[in-house]
There are 2 protein chains.
Amino acid sequence: MATIKDVAKLAGVAISTASYALNNSAKISAATRKKVEEAARSLNYQKNGFASDLKRTKTKTIVLILSDLSGPYYSELIKGVQEVTAANGYDLIACSSIGGQQSTAVKFLKEKRADGVVVLAHNITDEVILDSARPDFPIVVLDRNLQHDHVIQVEVDNTEGARMATNYLLDRGMKEIAYISGPNNSHDNERRLSGYREALEKRNVPFSSRLKISGDFTRDSGYFSTKMLIAQQNLPDAVFFANDEMAIGGLQAFAEKGISVPDDISVIGFDDIQLSEHVSPPLTTIRQPKYEAGALAVHLIFQVLAGEKVEDHYNLSTELIERSSVKDHSHSR
Amino acid sequence: MATIKDVAKLAGVAISTASYALNNSAKISAATRKKVEEAARSLNYQKNGFASDLKRTKTKTIVLILSDLSGPYYSELIKGVQEVTAANGYDLIACSSIGGQQSTAVKFLKEKRADGVVVLAHNITDEVILDSARPDFPIVVLDRNLQHDHVIQVEVDNTEGARMATNYLLDRGMKEIAYISGPNNSHDNERRLSGYREALEKRNVPFSSRLKISGDFTRDSGYFSTKMLIAQQNLPDAVFFANDEMAIGGLQAFAEKGISVPDDISVIGFDDIQLSEHVSPPLTTIRQPKYEAGALAVHLIFQVLAGEKVEDHYNLSTELIERSSVKDHSHSR
DNA sequence: AGTTTATGGCGACGATAAAAGATGTGGCAA
DNA sequence: TTGCCACATCTTTTATCGTCGCCATAAACT
């Protein structure tokens, strides 16, 4: 592979001149620049990015850490991250945190292989993040609660959303509301569950662990959890699925058993993914401002990189999207 | 940020000693190693990955180029890529090709910021790939036809799969078979379309452009294309959707209009995504060996990196998965 | 002669690794 | 027992990796 040295030699100039020419410095004459560019072209020269990064100490890259590259995730959120990153002329790369301490994600974090990081991966430990956080290395976490000088938290108000969903069902006369949860180690799930429980408590509806079934945020798990719920007999009045994917799986399980939603049972989801409005019946759900969360995360990174002060915690609020998967059983109207 | 120099100074040893100690070289005494490790810990030392990569000239990283990080893609395929990469102790990062020549993907390719690349991004031009290919830099393309000494092609036999699907419908007595296509610039789509046309031609069934509707591989586009098809009246006997996502959107559109699949119309998809067997009715489709394709791609990269010779073209075959979305109208049984 | 404009020299950046240097140990002959 | 060398073990010296950018310098203009 040709290096800048070869280019300089072929062009008959000093290395520094070649470097300037190739980096479009103003102080190189047009003639020299052309000579250098031609030499570069004829040698098929490509700069060594690592050498350049090393020298410049900047990478112009933001890393997005996901728990699993192949997994489903919030595409809206990623879009937010992607667009703001691109708008600032930075590169975005994604890496996975599969593999624990040996994962690519941990390496990127610890070795500071980017100028900023957005974390959306519950399987990255808090410790790794705290270890990596430094004044000049902004890290935004979207999936956890973490206090640290150089870690910024952007969070959707899951508790409030879950409370809203539960109250909505309660308001419509539901007595028994099941909760199909996400994975136990998920911070989002934990917050949603507590919103659900708080809402029940406030209305003096007892929480029954029979009505809490563990899923893992996948459609399949929603499907199977719902089958389990059906198998238990005594269907509740409504089911609050910790996310839409699971709710859609649940809808299918109900359909297969000939249980009508919302006539026989009401269903509410969480997230408002694209599909939710197309599903049958259209799913009532809690919308999360996912695009905004992603965009804000990166926006904050650039603020920090520009030396501006930012808050260390942002809370984005949710919104209830009323569609047709919940029936009103209340007598109040 | 502390460098290895600081660590060496604090530990009272030479820089190289510190380097050896931190890299677990056998020639460092236990006592010295401990001293160095302690110094490193107390300084919160993290090595500079770029410097290290520069010196080693290896990155132990494979890059996966996707057309859009936020877009839907073959998660099975990515799983294959991911697992084989990890099994070889390499890192995997994903980047997007949004942004054309300025995209992160192009930068990774041209600057050789990884040891190998897997391309699954129709919006990367052939030219960029050809430009970047070098003997020591294996590039595997999964989404195009490209002849070059250092580019390896792994392809699923789309034409054969589409032919199989079409024949399957023809064999069951279908006379009119609509084709809902993927985007025009997609190589996969193009191959599938030609398989469909070849099969029709062989049986002397005329191809009618009325029966070809353009989608873009998304569920929504399947949904809307199907609505268009329904609006045209004169429903065909069957619809061949260029992928399952669209077929699922189509199923929904049919369901909403009270058109029964497969009684009123038969549906066949392509891909065999996870959801396909859970949908109602379970979708008959062409299974693509996606996991295998991804795994093979990376496997080949490692073969090349190990200096072994590999073919420059691999063709993986498809399989028809018979479920319940196609009815048999043939009188032959 | 003093300023502008182009270009070259050279030392970083941070880490690695080959090769050379510094210890210390044991073996063996006198 | 002593002395000396050979050799193993550990550590330091030194040279890179490829690029960038400060500073110096020389030529060309005012």
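By convention in this document, chain letters (A, B, ...) are assigned in the order of the sequence lines, proteins followed by strands, and residues within each chain are numbered from 1. Remember, it's a predicted structure, so these values are computed and weren't measured experimentally.
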**OP:** Please name all residues satisfying side chain to side chain donor-acceptor pair (under 3.5 Å) with B/Glu308, sequence neighbours left out, ordered by chain then number.
**Re:** B/Gln303

Subject >> Any pair counted as salt bridge (charged side-chain N to carboxylate O under 4.0 Å, His left out), so long as it reaches residues 136-152 of chain B, sequence neighbours left out >> reply: B/Asp126-B/Arg144

**OP:** Could I get the full list of ring-ring contact (aromatic ring centres under 6.0 Å, His included) partners for B/Tyr90, not counting sequence neighbours?
**Re:** B/Phe302

Subject >> For A/Glu83, all residues meeting side chain to side chain donor-acceptor pair (under 3.5 Å), sequence neighbours excluded >> reply: A/Tyr291

Subject >> Qualifying side-chain hydrogen bond (donor to acceptor under 3.5 Å, both in side chains) pairs, either residue in residues 108-124 of chain B, two or more places apart >> reply: A/Asp53-B/Arg113, B/Thr59-B/Asp115, B/Ser97-B/Asn123, B/Glu111-B/Arg113

Original post:
Among all residues two or more places apart in sequence or in another chain, which pass the side chain to side chain donor-acceptor pair (under 3.5 Å) test with A/Asn48?
Top reply: none

Original post:
Which pairs pass salt bridge (charged side-chain N to carboxylate O under 4.0 Å, His left out) with one or both residues in residues 91-104 of chain B, sequence neighbours excluded?
Top reply: A/Lys107-B/Asp91

Subject >> Rounded distance (Å) that lies between atom C1' of D/dT13 and atom CD1 of B/Ile4 >> reply: 15 Å

Original post:
Restricting to pairs with a member in residues 290-300 of chain A, which pass salt bridge (charged side-chain N to carboxylate O under 4.0 Å, His left out), not counting sequence neighbours?
Top reply: A/Arg287-A/Glu292

Original post:
Will you find, in the side chains of A/Ser25 and A/Asn23, an N or O donor that is under 3.5 Å from an N or O acceptor?
Top reply: no

Quick one: which protein N/O atoms are closer than 3.5 Å to N/O atoms of nucleotides 21-29 of chain D? Pair and distance per line, please.
unit_1, atom_1, unit_2, atom_2, d
D/dC22, N4, A/Tyr20, OH, 2.9

Subject >> Nucleotide interval of DNA chain C bounded by contacts with chain B (heavy-atom cut-off, under 4.0 Å) >> reply: C/dC13 to C/dA18

Original post:
Taking five pairs at each end of the helix from C/dA1-D/dT30 to C/dA30-D/dT1, what angle separates the two helix axes (nearest 10°)?
Top reply: 60°

**OP:** Please identify each residue that fulfils side chain to side chain donor-acceptor pair (under 3.5 Å) with B/Ser70, with sequence neighbours left out.
**Re:** B/Asp68

